[in-house]
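Remarks on the structure that follows.
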Amino acid sequence: MAIEDIIKPENLVYKKPDIMNDNSMHYCPGCSHGVIHKLIAEVIEEMGLVENAIGITPVGCAVFAYNYIDIDWEEAAHGRAPAMATAIKRLRPNKLVFTYQGDGDLAAIGTAETIHACNRGESIAIIFVNNGIYGMTGGQMAPTTLEGMKTATCPYGRDVKLNGYPLKITNLLKELDGMRYVTRQSVHTAAAVRKTKKAIRKAFENCMDGKGGANIVEVVSTCSSGWKMTPEKSNKWMEENMFPAYPLGDLKDKDANI
Amino acid sequence: MAKIKGAIVVNQERCKGCRLCVVACPTNVLAMSKQVNAKGYNFAVMENEDACIGCASCGIVCPDGCITVYKTKID
Ligand SMILES: Cc1ncc(C[n+]2csc(CCOP(=O)(O)OP(=O)(O)O)c2C)c(N)n1
Ligand code: SF4
Ligand code: SF4
Ligand code: SF4
Ligand SMILES: [Mg+2]
């Protein structure tokens, strides 16, 4: 069978979601941010929320997310996205309100906003992209940087005596009574991407059912530029080094008594 | 017996040559082009098109949404 006979509208099984526009994304080749953007766009489309979703972009590589997904967005000051999400959701309770934050944004400068928004049980979803580094500013150490991992500001590897331990912030958030759904996923294989999509869907549904409670989907991610590896090698390195420190799976699901 | 046949279309100008689709394909359909696109990247191409089963793994892992996947049954 000729290729032209297969490539027909009735045989379509996968395409970029419509609300992910044709602007070329500024991310480095292979960057996890792109996959996560695509999942958010897919879930919003599938839930019929294109006109009713408000995203909050961080400071970090994802600062321009609003250029790529055609929904409403607000840009927060560095780390303040959960505070802004709180205000927006309280004023517009019928909207889907979510933040999109890196590990520097969420677990360094924005730690206080993150913890308090979650502790208040705001009906928001936080998409937390943990690549263990400050990607945007050139690969400095983040709170999440692994022990021994080399970055621009710890060129000999993170020394826990000097810099403390990798901050497992999602594990901390799980303990808060305001937290409804806490999960850690990744997007390094097609199967992992499907799981992450389900997790984002669940977090977004929780935001819309009026029951309240905060939701976080951590996505353990790669930053091939910051890590100075190819995208392929980064995925392997992530499996071998990031997953033991940040194991994948659900940490809390109040609705399922987990 | 019905056989599944797939095919993909790569947006060659959008592709950044990251190779993640090449690695994700279970039937080794994909390879990188020798030519480069306007951005200077080698782009993904179907090298072994007969082997495509339309599983969409390549499209799902592509960070830049460059791949559209089609699938059909042939008797
Ligand atoms: C108030 C303030 N402090 C510091 C910075 C510099 N800065 C920009 S992005 C960033 C961290 C980005 O890291 P992360 O949140 O992990 O995002 P990534 O780029 O890795 O996705 C920092 C410290 C800033 N823009 N504003
Ligand atoms: S610096 Fe890292 S996080 Fe930022 S776009 Fe490049 S790969 Fe992605
Ligand atoms: S659809 Fe599946 S089999 Fe076809 S090229 Fe993509 S990954 Fe390979
Ligand atoms: S995954 Fe996408 S961007 Fe990367 S090489 Fe394949 S088509 Fe190009
Ligand atoms: Mg980061």
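Naming: A, B, ... by sequence-line order, numbering from 1 per chain. Values below: all heavy atoms of this structure, side chains included; hydrogens, waters and symmetry mates excluded.
Heavy atoms of A:Met25 lying under 4.5 Å from chain B belong to its backbone as well as its side chain. Residue contact with chain A, scored on non-hydrogen atoms closer than 4.5 Å, is absent for B:Cys52. Of the two parts of B:Ile67, only the backbone, made up of N, CA, C and O, holds a non-hydrogen atom closer than 4.5 Å to a non-hydrogen atom of chain A. In this structure, no portion of A:Val187 lies under 4.5 Å from any heavy atom of chain B. Contact of B:Val61 with chain A is made through backbone and side chain together, with heavy-atom distances under 4.5 Å.
Summarising the geometry of A:Pro29 relative to B:Cys18, their closest heavy-atom pair is C-CB, 3.8 Å, with the distance given to 0.1 Å. The shortest heavy-atom contact between B:Gly54 and A:Val13 is O-CG2, 3.9 Å. Taking every heavy atom of both residues into account, A:Ile3 and B:Ala7 meet most closely at CD1-CB, 4.2 Å.
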Could you list each donor and acceptor atom pair linking chain B to chain A at less than 3.5 Å?
| residue | atom | partner | partner atom | Å |
| --- | --- | --- | --- | --- |
| B:Arg14 | NH1 | A:Asp22 | O | 3.2 |
| B:Arg14 | NH1 | A:Asn23 | O | 3.1 |
| B:Lys16 | NZ | A:Met25 | O | 2.8 |
| B:Lys16 | NZ | A:Tyr27 | O | 2.6 |
| B:Arg19 | NE | A:Glu232 | OE1 | 2.9 |
| B:Gly59 | O | A:Tyr14 | OH | 3.4 |
| B:Gly59 | O | A:Lys38 | NZ | 2.7 |
| B:Ile60 | O | A:Lys38 | NZ | 3.2 |
| B:Cys62 | O | A:Lys38 | NZ | 2.7 |
| B:Val69 | N | A:Tyr14 | O | 2.7 |
| B:Val69 | O | A:Val13 | N | 2.8 |
| B:Val69 | O | A:Tyr14 | N | 3.3 |
| B:Lys71 | N | A:Asn11 | O | 2.8 |

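In terms of non-hydrogen atom pairs under 4.5 Å with chain A, the most contact-rich of B:Val69, B:Val23, B:Ile8, B:Val22 is B:Val69.
Among pairs with a residue in residues 5-30 of chain B, none fulfils ring-ring contact (aromatic ring centres under 6.0 Å, His included), at least two apart in sequence or across chains.
Atom CZ of A:Phe64 sits in a sparse spot, with 12 or fewer heavy atoms from other residues, nucleotides or ligands closer than 6.0 Å.
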